[in-house]
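Remarks on the structure that follows.
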2 protein chains.
Amino acid sequence: MKKLRIKDIANDLNISKTAVSFILNGVAQEKRISEELVERVERYIREVGFRPSPIARGLRTGKSNIIGLMVESISDPFFATIARLIENMAYKQGYRIIYCSTDNDTEKTKELINVLRERNVDGYIISPPPGVEKEINELIRAGLPVVMFDRYLPKVKTDYVVIDNEFSAENATRYLIHQGYRNIAFITFSSSLTQMKGRMKGYRTALKEEGLKPYVMEIDFTPEEKVMVQGVREFLAANPKLDAVLFGAIQAGSCGLKAITQLKLKVPQDLAVISFDDHDIFELFSTPVTAIAQPIDKIAHKVISILLERLEEGDNAAAPKEIVLKTKLKVRKSSVPAK
Amino acid sequence: MKKLRIKDIANDLNISKTAVSFILNGVAQEKRISEELVERVERYIREVGFRPSPIARGLRTGKSNIIGLMVESISDPFFATIARLIENMAYKQGYRIIYCSTDNDTEKTKELINVLRERNVDGYIISPPPGVEKEINELIRAGLPVVMFDRYLPKVKTDYVVIDNEFSAENATRYLIHQGYRNIAFITFSSSLTQMKGRMKGYRTALKEEGLKPYVMEIDFTPEEKVMVQGVREFLAANPKLDAVLFGAIQAGSCGLKAITQLKLKVPQDLAVISFDDHDIFELFSTPVTAIAQPIDKIAHKVISILLERLEEGDNAAAPKEIVLKTKLKVRKSSVPAK
């Protein structure tokens with residue numbers, strides 16, 4: 001689409017820039033611009049496909065065309081990739097994204113919600129920590145659409161896009177059982193959030209049906225990766241019976257692979273491995289690692305299109321969209337049949 | 001540090017919340033609060049270590065306590081990690097960060113500079129694309145401090161924090177030569193930016209001194225990773241004489257390792273490898289990959305402390321700080337001596 005400037009429209013129609021500007025800003029009547037001139041400009045715009053700059057559009061609509069994106073941590077490749085895709089898709093629609101990391105910290109998130117609100121964002125995309133129900137409900141009441149992703153808050157009625165966590169974990173655990181593994185650990189981050197609870201439940205369900213014993217390790221997240229690697233190493237060393245492990249998140253997986261390397265364990269001979277979230281480290285590890293791949297593109301696409309729909313149509317009243325997407329088990333050599 | 005609220009101060013000193021608020025907001029005199037009361041409150045705050053909320057501080061100082069951080073791409077692990085560290089460090093000092101990705105796109109960056117300016121940020125941290133000299137100079141003239149990192153714009157006089165790119169590339173190339181490799185490729189992204197020009201120069205210098213032939217491949221960046229991997233694969237296949245390769249950036253390295261895996265080349269027997277930027281994929285690759293590690297923590301720390309100094313002291317007039325940091329060659333098995 002051709003990008004026209006106010007100057008171009010004024011020149012082509014041989015009218016003043018001020019008049020064009022008044023019309024674009026929706027104050028034609030107030031400024032006593034004739035109906036006929038308004039129509040001429042509008043027809044011209046339709047014909048040549050004028051795409052106004054977000055700022056010009058903001059002037060007309062009172063909107064900023066800025067979306068606030070709050071992720072748990074931008075250094076987590078899952079969130080970084082989603083953020084990037086959302087940004088690209090939004091940009092093409094004339095929206096700009098500003099983002100920040102919540103650290104899954106309730107107080108910090110509350111504050112950042114306000115920081116963004118004071119910066120006049122039109123809407124929010126949030127992977128929320130627990131405890132911000134009140135703040136999000138306030139945004140919604142104020143007419144600011146909020147789309148949650150990765151997890152949702154059961155007490156907040158708003159759109160969300162998540163994956164089928166319970167099924168994904170159950171399916172991966174079943175896969176390991178089917179391949180002949182019996183002592184399967186689940187190593188994950190401790191969390192009360194929906195996505196992590198779902199993964200834990202799926203893992204336990206699969207084991208229970210086969211009468212197998214669960215081995216669960218919950219890592220306390222710390223920015224000191226060495227500490228987490230050390231923790232996983234101690235857990236693996238203390239449970240020599242283990243023949244397989246399911247990692248509950250990408251960062252649990254990367255800590256785990258480091259621990260496995262340090263312990264000189266062979267994958268899959270000593271320990272079969274599957275991890276949530278696909279990533280280069282799993283593809284390129286000495287034994288390529290089977291991964292539960294989230295449909296990243298689809299998540300980003302759903303999230304931004306739901307939000308833009310709310311923004312463009314202003315239909316905050318419509319029923320919340322609760323989207324649950326499927327994952328894909330990308331089978332690699334780390335989970336071949338046990339001997 | 002204990003976090004006190006206005007209410008707590010008022011209760012403890014048995015004075016009104018309004019008075020405390022006036023004092024914190026710097027309007028005590030105007031509101032006819034006695035000098036004695038101001039002193040009592042100030043002493044109390046010093047003693048118990050009151051950390052005012054950024055918003056309260058903003059009210060007093062007219063500042064937003066928000067910093068705009070513009071990186072090339074937040075999905076690049078180098079930028080994501082730096083962003084995260086800067087955010088953490090800033091948060092502890094009462095500053096909030098909002099970030100966005102420039103895509104190295106000049107027009108997009110110009111627009112985002114304005115988006116952030118309209119959102120009232122106090123200062124900017126930017127890894128700039130080419131062509132935004134005018135816009136950055138305008139910010140500086142308007143009293144908004146700007147710190148550049150990763151690369152700098154020679155025509156902009158402002159603080160920057162970079163690494164010694166030329167030396168790092170020269171040193172890594174020399175290391176490969178010293179290990180017995182003779183046909184060493186440099187695979188990198190095409191770029192006119194200072195950091196990439198420096199890396200190219202260092203590579204060429206090392207080869208020239210030994211009378212060796214350069215093999216350069218410049219990848220055109222595209223979000224379609226497969227296309228880039230394919231390009232590297234074709235380059236490697238077309239140059240069977242190569243016995244080593246230096247990758248000029250983390251994403252060039254990850255594409256390269258995928259190409260190497262697809263071609264079933266053995267590292268280092270068929271091809272020795274060194275890459276710029278350290279990352280899990282290099283540590284965990286089937287043959288651990290020697291990496292030129294940037295001092296990420298130090299870069300983040302320098303960037304944020306220079307900016308906060310400018311903000312706190314308002315000394316925009318002081319001479320720009322031009323910081324060049326050293327990298328570290330993390331030697332792993334991918335570059336053992338050639339046979």
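Each chain gets a letter, A, B and so on, in the order the sequences are listed, and its residues count up from 1.
- In this structure, CD in A:Gln93 is found 9.5 Å from CD1 in A:Ile67, a value given to the nearest 0.5 Å.
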Identify every side-chain donor-acceptor pair in residues 264-271 of chain A under 3.5 Å, counting partners at least two apart or on other chains, and give the distances.
{"residue": "A:Asp270", "atom": "OD2", "partner": "A:Lys266", "partner atom": "N", "Å": "2.6"}

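- Looking at B:Ser73, both its backbone and its side chain come within 4.5 Å of chain A, counting heavy atoms on both sides.
- The line from OG of A:Ser254 to CD of A:Glu225 is 5.0 Å long, rounded to the nearest 0.5 Å.
- The closest donor-acceptor contact from the side chain of B:Tyr99 to the backbone of B:Arg84 lies at 3.5 Å or more, if one exists at all.
- Between the side chains of A:Gln294 and A:Asp278, no donor-acceptor pair of N or O atoms lies under 3.5 Å.
- Annotation: maximal heavy-atom pairing with chain B below 4.5 Å, among A:Ile98, A:Leu69, A:Asn88, A:Asp76, occurs at A:Ile98.
- Counting heavy-atom pairs closer than 4.5 Å to chain B, the top residue among A:Ile82, A:Ile66, A:Thr287, A:Thr81 is A:Ile66.
- Among the candidates A:Ser101, A:Ala80, A:Cys100, the residue making the largest number of heavy-atom pairs closer than 4.5 Å to chain B is A:Ser101.
- Judged purely by atom type and a 3.5 angstrom limit, A:Ser335 has no side-chain atom pairing as donor or acceptor with the backbone of A:Thr290.
- Contact of A:Asp103 with chain B is made through backbone and side chain together, with heavy-atom distances under 4.5 Å.
- Residue A:Ile97 touches chain B through its backbone alone, counting heavy-atom pairs closer than 4.5 Å.
- Proximity to chain A is absent for every atom of B:Leu85, based on heavy atoms less than 4.5 angstrom apart.
- Only the side chain of B:Leu116 comes within contact range of chain A, with heavy atoms under 4.5 Å apart.
- Residue contact with chain B, scored on non-hydrogen atoms closer than 4.5 Å, involves the side chain of A:Leu112 exclusively.
- Between A:Phe149 and A:Phe79, the angle of the ring planes goes over 60°, which puts this pair in the perpendicular group of the 30/60° scheme.
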